[in-house]
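Report on the structure given below.
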There are 2 protein chains.
Amino acid sequence: MKLETRKEEIINTATKLFKEKGYSAVTMRDIAKAMGIKAASLYNHINSKQHILTDIIISLAEEFTNGMKTVLLTDVSNIEKLKLIVTLHVHITANNTYGMASLNNDWMHLEEQLDYYLELRDTYENNFRGILQEGIDNNEIINSNLEIMLFSMLSTLRSLYLWIPKKEDLNTTELSDNLSHILINGINK
Amino acid sequence: MKLETRKEEIINTATKLFKEKGYSAVTMRDIAKAMGIKAASLYNHINSKQHILTDIIISLAEEFTNGMKTVLLTDVSNIEKLKLIVTLHVHITANNTYGMASLNNDWMHLEEQLDYYLELRDTYENNFRGILQEGIDNNEIINSNLEIMLFSMLSTLRSLYLWIPKKEDLNTTELSDNLSHILINGINK
DNA sequence: AATTTTAACTAACAAGTGTTAGTTTATTGT
DNA sequence: ACAATAAACTAACACTTGTTAGTTAAAATT
């Protein structure tokens with residue numbers, strides 16, 4: 001039972017508020033009020049509002065990068081790799097639904113770390129694309145428009161943060177399995 | 001060839017900026033600067049920043065509501081209705097990619113019209129859900145988790161605004177057809 | 001018991017916010 | 001040519017923003 005440092009409490013509080021209203025609409029006074037302290041007190045623990053956002057986004061982006069690295073090293077079919085990616089998204093999102101909102105909607109407000117973030121995102125998408133392309137080449141995946149397939153899957157996975165909190169009754173493995181099936185086999189009977 | 005009123009120019013300029021940085025991060029001075037005038041001059045044409053956002057979002061939401069109404073009245077299979085919905089999203093999004101960003105990310109900053117927007121969105125989702133449910137009942141659609149199917153399709157359709165601007169080479173009917181196929185039949189060979 | 005550290009506080013700052021009031025200038029319709 | 005309108009302007013407002021400086025009180029360490 002590890003208890004939160006004060007800095008982590010601030011980041012968690014901010015993350016929740018950022019999800020509800022977006023980074024720009026949340027003030028330091030909002031964050032402080034939610035914690036029952038004054039805005040100036042936050043600066044005993046964090047450097048700036050900007051650093052809070054960076055912390056939220058970069059740590060999540062790195063989780064995805066690491067997850068992708070593992071998937072690429074796993075020796076299974078490309079379809080199985082896609083299932084692993086679905087599981088990766090479900091797990092990371094289930095553990096930090098609030099943070100995923102910032103990752104998706106507020107990355108453009110990063111400053112010094114914006115280029116680094118974009119690099120991680122680009123690499124991630126390219127790896128995803130590569131798996132799909134190999135799947136097509138190996139006759140595992142239909143030879144339809146690669147970019148549309150990529151876009152469709154990524155859109156669904158990136159929107160999980162909006163949806164997981166509303167359906168707490170579904171456990172994560174059940175969700176991963178169901179979602180994999182729908183993304184891979186469609187909904188047609 | 002109908003030419004834009006000054007008010008429309010302002011709304012269009014604002015819509016573009018809102019997509020790049022989000023509603024809260026865009027100032028009236030930003031909008032004015034992009035038009036080469038002073039912020040105060042905007043108020044000769046619009047009532048408030050808030051009204052710009054409302055205008056963007058509500059008109060789009062009503063377009064979707066009207067489109068759905070037409071789909072529901074069309075006498076085709078439920079799978080065909082889903083294809084019509086895909087086409088609806090592709091067309092509306094292609095005509096207003098910038099506005100779709102506000103619809104997706106800034107609806108929570110609506111004020112007087114927030115409840116109305118939520119009502120439109122709820123009704124839309126329920127109609128979508130109803131088509132899927134009928135499809136399941138008629139053995140057109142697999143009897144998998146309804147909510148996951150709904151979420152997956154809607155997520156993809158709602159993210160179109162991020163993707164359409166990058167792929168201008170693809171025409172809208174081709175995109176609709178491809179996307180329908182992937183959403184309905186999956187990517188599996 | 002004395003000292004350092006932690007973490008809150010009050011007060012203030014400079015800059016930026018949406019918006020209003022009043023004015024000026026160019027264009028349009030008579 | 002004259003009046004009316006459209007659409008820009010300057011100046012200012014009241015308020016909010018992120019952040020800093022300096023202070024205080026309790027808790028932990030010596």
Side-chain angles (χ1 to χ4, degrees), chain A residues 1-58 101-102 105-114, chain B residues 1-58 101-102 105-114:
Chain A
M1 190 83 78
K2 187 182 105 199
L3 58 145
E4 268 176 341
T5 69
R6 202 72 173 128
K7 179 175 180 177
E8 285 167 339
E9 277 185 67
I10 292 173
I11 291 175
N12 290 338
T13 304
T15 308
K16 259 186 231 188
L17 295 177
F18 289 170
K19 181 185 174 186
E20 284 163 28
K21 313 203 295 169
Y23 173 73
S24 303
V26 174
T27 69
M28 296 304 279
R29 285 165 180 83
D30 289 336
I31 299 169
K33 187 170 245 175
M35 299 182 68
I37 61 176
K38 291 291 152 78
S41 307
L42 297 170
Y43 289 84
N44 286 315
H45 309 278
I46 53 108
N47 297 316
S48 67
K49 189 189 178 191
Q50 178 61 212
H51 276 74
I52 300 177
L53 183 69
T54 304
D55 193 294
I56 295 168
I57 293 181
I58 297 296
S102 297
N105 303 322
D106 285 318
W107 56 266
M108 71 284 274
H109 299 117
L110 290 173
E111 290 169 8
E112 302 97 49
Q113 302 264 54
L114 175 59
Chain B
M1 191 81 78
K2 188 182 104 200
L3 58 146
E4 268 178 342
T5 68
R6 203 71 175 129
K7 179 175 180 177
E8 285 167 340
E9 276 185 67
I10 293 172
I11 291 176
N12 290 338
T13 306
T15 306
K16 260 185 231 188
L17 295 176
F18 290 170
K19 180 184 176 188
E20 284 163 27
K21 313 204 295 170
Y23 173 73
S24 303
V26 174
T27 70
M28 296 303 280
R29 285 164 180 83
D30 289 336
I31 299 169
K33 188 171 245 173
M35 298 182 67
I37 60 176
K38 292 290 152 79
S41 307
L42 297 169
Y43 289 84
N44 285 316
H45 310 278
I46 53 109
N47 297 316
S48 66
K49 189 190 179 191
Q50 178 60 213
H51 277 74
I52 299 177
L53 183 69
T54 304
D55 193 294
I56 295 167
I57 294 182
I58 296 295
S102 297
N105 303 322
D106 285 317
W107 57 266
M108 71 284 273
H109 299 118
L110 290 174
E111 291 170 7
E112 302 97 47
Q113 301 263 54
L114 176 58

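First the proteins, then the strands, lettered A, B, ... as listed; each starts at 1. None of the values given here were measured: they were computed from a predicted structure. Every heavy atom of this structure was used, including side-chain atoms; hydrogens, water molecules and symmetry mates were not.
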Shorter than 3.5 Å, N or O on both sides, protein versus nucleotides 7-12 of chain C: list them out with atom names.
{"from": "dA8(C)", "atom 1": "OP1", "to": "R6(A)", "atom 2": "NE", "distance (Å)": "2.6"}
{"from": "dA8(C)", "atom 1": "OP1", "to": "R6(A)", "atom 2": "NH2", "distance (Å)": "2.8"}
{"from": "dA8(C)", "atom 1": "OP2", "to": "H45(A)", "atom 2": "NE2", "distance (Å)": "2.7"}
{"from": "dA8(C)", "atom 1": "N7", "to": "N44(A)", "atom 2": "ND2", "distance (Å)": "2.4"}
{"from": "dC9(C)", "atom 1": "OP2", "to": "K38(A)", "atom 2": "N", "distance (Å)": "2.6"}
{"from": "dC9(C)", "atom 1": "OP2", "to": "S41(A)", "atom 2": "OG", "distance (Å)": "2.8"}
{"from": "dT10(C)", "atom 1": "OP2", "to": "K38(A)", "atom 2": "NZ", "distance (Å)": "3.2"}

Minimum side-chain heavy-atom gap [X]-[Y] below 4.5 Å:
X      : Y       : answer
Y23(B) : M108(B) : no
R6(A)  : M35(A)  : yes
E20(B) : V26(B)  : no

Take the protein atom [atom1] of [X] and the nucleotide atom [atom2] of [N], then report the distance between them rounded to whole Å.
X       : N       : atom1 : atom2 : value
Y43(B)  : dA21(C) : OH    : P     : 13 Å
I46(B)  : dA8(D)  : CD1   : P     : 12 Å
N47(A)  : dT19(D) : CG    : P     : 10 Å
Y23(A)  : dT17(D) : OH    : P     : 13 Å
H109(A) : dG18(D) : NE2   : P     : 13 Å
K49(A)  : dG16(C) : NZ    : P     : 15 Å
M28(B)  : dC9(D)  : CE    : P     : 14 Å
I10(A)  : dT6(C)  : CD1   : P     : 14 Å

Rounded (10°) bend between the five-pair end axes of the helix from dA1(C)-dT30(D) to dT28(C)-dA3(D):
10°
